[in-house]
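Letters go in sequence order (proteins before strands), and every chain restarts at 1. Remember, predicted model here, so these are calculated numbers, not experimental data.
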Number of protein chains: 4
Amino acid sequence: MPKRGMEPIRQLQFIEATVEIIHEEGLHGTTLSRVAKRAGTSPGLVAHYFGDKAGLLHATFRHLAKALGTEFRDHLARVKGPHQRLRAVIDANFAESQSSPAVVSAWLAFWGQVNHRPELARVQRVVTNRLKSNLLFSLRELVPAEDADQIASGLAVMIDGLWLRAMLRTGGLNVAEARGMARDYLEMQLRTREPETLDA
Amino acid sequence: MPKRGMEPIRQLQFIEATVEIIHEEGLHGTTLSRVAKRAGTSPGLVAHYFGDKAGLLHATFRHLAKALGTEFRDHLARVKGPHQRLRAVIDANFAESQSSPAVVSAWLAFWGQVNHRPELARVQRVVTNRLKSNLLFSLRELVPAEDADQIASGLAVMIDGLWLRAMLRTGGLNVAEARGMARDYLEMQLRTREPETLDA
Amino acid sequence: MPKRGMEPIRQLQFIEATVEIIHEEGLHGTTLSRVAKRAGTSPGLVAHYFGDKAGLLHATFRHLAKALGTEFRDHLARVKGPHQRLRAVIDANFAESQSSPAVVSAWLAFWGQVNHRPELARVQRVVTNRLKSNLLFSLRELVPAEDADQIASGLAVMIDGLWLRAMLRTGGLNVAEARGMARDYLEMQLRTREPETLDA
Amino acid sequence: MPKRGMEPIRQLQFIEATVEIIHEEGLHGTTLSRVAKRAGTSPGLVAHYFGDKAGLLHATFRHLAKALGTEFRDHLARVKGPHQRLRAVIDANFAESQSSPAVVSAWLAFWGQVNHRPELARVQRVVTNRLKSNLLFSLRELVPAEDADQIASGLAVMIDGLWLRAMLRTGGLNVAEARGMARDYLEMQLRTREPETLDA
DNA sequence: TATGAATGAGGATTCATTCAT
DNA sequence: AATGAATGAATCCTCATTCAT
């Protein structure tokens, strides 16, 4: 039943199906026929939209990265001033769209591939840099450049660690707690470095 | 060319080969024949020593976890007092044996499996708990119980994040820097919470 | 070279190939690649149509059982009265379609599996019951119920024994002789139990 | 722990283990390591005693055939006269040693191989001929040669059919009933052909 | 005589991919 | 645009067999 203008709809169907299957079966169990079945289509159609399996995974990873970027933009659009912006960046990282178990599983699965697939490494680099520059932009308004760099690095590491914990589910950590820890880290750092400022 | 008493030698050969191949080819490219070839034996021998592929991976993961545990013990054996012990725990996590690219790749690959393989989840839980209790033991001598808990959690998360960064190689982080960041985090926390103590 | 609507054609090709290979190589030598080659396709296609090897064997056994059932129906459709019907049942069991060496080999091979594969046991039970009830239906018109039961059992056993002999080819028995012996057995039994009837 | 004079003990251990494993796992599941384990030894030892797997199976089949022959001899040794001898032959075929489920499974498994392994065909031919000549010897004292031949053939077929039924377990037949049916068949045949004789 | 280490061929099965429809 | 038939390579695993001890 071919229809016109299906391209964006189909692509999204496939990508969402891929994320779900990765979560349920692991990356190793993520086969094209399972994904196709979940997407309600046939396996052969993947070639039409993504070329091959690698193309599908690449598109899925980019989709996740883009969704995270959208969260950044949305959270930042609502606030003003460096302190609120920093908090917005943290919140964006633990937003609902990024915290569903399936999405989190997919991120972890992709991380395992980053060192073996250049196209995924590129995506990851963009994600890492975007977070860092978002943090730096606000931090530089509050502390000296060198301190800003240190805090940004530390906070980025903290956020990654919190994601990892959430994924491995061995730390008994939920999203709210994770967000809280990231905020505490930031506040502690700022308190140490800008003692004279009256904070919001 | 069968010889007696090969069991421990062969097992170690297989495990080391597995770590190397995971690093070079990714978990997906880690086939029994590649591992066997690297170990200098035939693929059929895996069954003899590990039952099947899952058994080999399980044994490899346990081996990594055990090696990390050995680092803890060794580092802790050389020092005295809570401050030195905390530093020893951090150093153990970034010891050489745990920082080779191959080992680090293997850890990441296994993390991607933890949610889909109960036997790996068990290993990971042991690793997580061991780190936490090692940190807590020393922290409780320095700060109130509640604070100790918070610091231990934060430091554990930080260490995981640093590992992840080191693995993804997108943060431009080396081992020495990672260790430095973990130490900084710890010191900052202690400074905040035990202001009256004269620290070493 | 994929074509639409191949399902029934392919399935029959596979089943016939399976029977031939069982005859030529034994059940142990019946590998999927040999069957696929004989059927003119690739081994992977078995999964598409039968799931796995067990599915193929099950389907083959059911096919044999069904073919035997068809012989019953055809032979019975042409005759009238209990005597003719009983003879028809015997003839059906030794009809050409059931007597080719390949078919006979396949039956024996399956019998060897019946006690280890429940799905095959079910098929065999159907075959056994069908023969018995076919015999009973006619016999009850000729002799008392109890006698009918005994004769049906005895004749069914005789038929099985004759098949086995034909298969093992150690008795120097051909199909015509086998059929003759089954008929003799039946007639002797009837003569003993219904002396007053004038037989056809 | 090598010992002297183990040969006959070991061989019997292996053969009995083989029969058991065939019963439990089917001929297809009868691997040398399973047999060896059951026999309490190591797989490599099979080569020492039987050359290879085919040798083990051949020896096992010969063992079964020999055991059946022993039953004949024992049952025949105790009786006198053609009628008693015929009954003894029947009883031998359904003696306990031949009726255990394991033994019966093994016979069926071997029958499935007879057409693909000349050395097994030879054994089967001996078994078939021995039964026939045993029956003929006694029958010829009771009825004309031609009748004797017919009855012997029929009875042999009947016995095979009864065995098969017992194996397939789809006829709901136990050993006692089977023996009864064979006796009935014989008596009916004799009654028909030697009406003037007063039977024992 | 006995073990169990080691091999390597062979089998079932899975799966990405291609292609006729 | 979409299907699903078909392929064949690749993988895991089993197992008979050989061999050093």
Side-chain angles (χ1 to χ4, degrees), chain A residues 1-7 9-10 28-36 40-56, chain B residues 1-7 9-10 28-36 40-56, chain C residues 1-7 9-10 28-36 40-56, chain D residues 1-7 9-10 28-36 40-56:
Chain A
M1 306 94 183
K3 282 179 198 162
R4 304 229 160 207
M6 292 295 285
E7 187 152 338
I9 298 167
R10 282 278 187 242
H28 183 249
T30 301
T31 68
L32 290 190
S33 41
R34 269 202 261 252
V35 170
T41 70
S42 65
L45 201 55
V46 170
H48 194 273
Y49 286 115
F50 302 95
D52 59 6
K53 190 181 182 180
L56 172 62
Chain B
M1 303 86 191
K3 279 181 198 160
R4 291 296 172 88
M6 291 299 284
E7 187 153 337
I9 298 166
R10 285 281 186 237
H28 181 250
T30 302
T31 68
L32 291 188
S33 43
R34 271 202 261 252
V35 171
T41 70
S42 65
L45 203 54
V46 170
H48 197 273
Y49 286 114
F50 301 95
D52 58 6
K53 190 182 180 178
L56 173 61
Chain C
M1 307 86 192
K3 279 183 199 161
R4 293 292 172 89
M6 291 298 286
E7 186 153 337
I9 298 166
R10 285 280 185 239
H28 182 250
T30 302
T31 69
L32 291 189
S33 44
R34 271 203 261 253
V35 170
T41 71
S42 64
L45 203 54
V46 170
H48 197 275
Y49 286 116
F50 301 95
D52 59 4
K53 190 181 182 180
L56 173 62
Chain D
M1 305 91 183
K3 283 179 196 161
R4 304 232 159 206
M6 290 297 285
E7 186 152 339
I9 298 167
R10 282 281 187 237
H28 181 251
T30 301
T31 68
L32 291 190
S33 40
R34 270 202 262 254
V35 170
T41 70
S42 65
L45 202 55
V46 170
H48 194 273
Y49 286 116
F50 302 95
D52 58 8
K53 190 181 184 182
L56 172 62

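Atoms CG (Leu45(A)) and P (dA1(F)) sit 9 Å apart, rounded to a whole Å. Leu56(A) places its CG atom 12 Å from the C1' atom of dA16(E), with the value rounded to the nearest Å. Taking atom CZ of residue Phe50(A) and atom P of nucleotide dT17(E), one finds them 13 Å apart after rounding to whole Å.
In this structure, CG in Leu32(A) is found 11.0 Å from OG in Ser42(A), a value given to the nearest 0.5 Å. The CD atom of Glu7(D) lies 8.0 Å from the NE2 atom of His48(D); values are rounded to the nearest 0.5 Å. Atoms CZ and CZ, from Arg10(C) and Phe50(C) in turn, are 11.0 Å apart once rounded to the nearest 0.5 Å.
Residue contacts for Leu32(B): at a heavy-atom cut-off of 4.0 Å it reaches the sugar-phosphate backbone alone, with no base atom in range. Base contact: Ser42(B) has a heavy atom under 4.0 Å from a base atom.
Considering only side-chain N and O atoms, His48(C) lies under 4.0 angstrom from the phosphate OP1 or OP2 of dA5(F). Under 4.0 angstrom from either OP1 or OP2 of dT14(E) there lies no side-chain N or O belonging to Arg34(A).
Between Lys53(C) and Thr30(C), the shortest heavy-atom distance links the atoms NZ-O, 2.8 Å. Residues Ser33(C) and Pro43(C) approach most closely at CA-CB, 4.3 Å, considering heavy atoms.
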(request) Take Val35(A) and Leu56(A) through the test side-chain contact (heavy atoms from CB on, under 4.5 Å) and record every step on the way to the result. (result) CA-CA 10 Å; Val35(A) 170; Leu56(A) 172 62; 4.2 Å; yes
(message) Let me check I have this right: for DNA chain F, each base becomes ., (, ), [, ] or |, based on Watson-Crick or G-U pairs with both distances under 3.5 Å. What is the full string?
(response) .||||||||||||||||||||
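Residue Tyr49(B) places its side chain closer to dA6(E) than to any other of dT11(F), dA1(F), dA6(E). Residue Ala47(D) has its side chain nearest to dT18(F) when only dA5(F), dA2(F), dT18(F) are considered. Checked against dT14(E), dT13(E), dT7(E), the side chain of Lys53(C) finds its nearest nucleotide in dT13(E). Of all nucleotides listed (dA12(E), dT7(E), dC15(E)), dC15(E) comes nearest to the side chain of Thr31(A).
Comparing Asp52(D) and Met6(C) against DNA chain F, the residue whose closest nucleotide sits nearer the 5' end is Met6(C). Of the residues near DNA chain E, Thr41(D) and Ala54(A), the one whose nearest nucleotide (by heavy atom distance) lies more toward the 5' end is Thr41(D).
Within 3.5 Å, a donor on the side chain of Arg4(B) pairs with an acceptor on the base of dT3(E), or the reverse.
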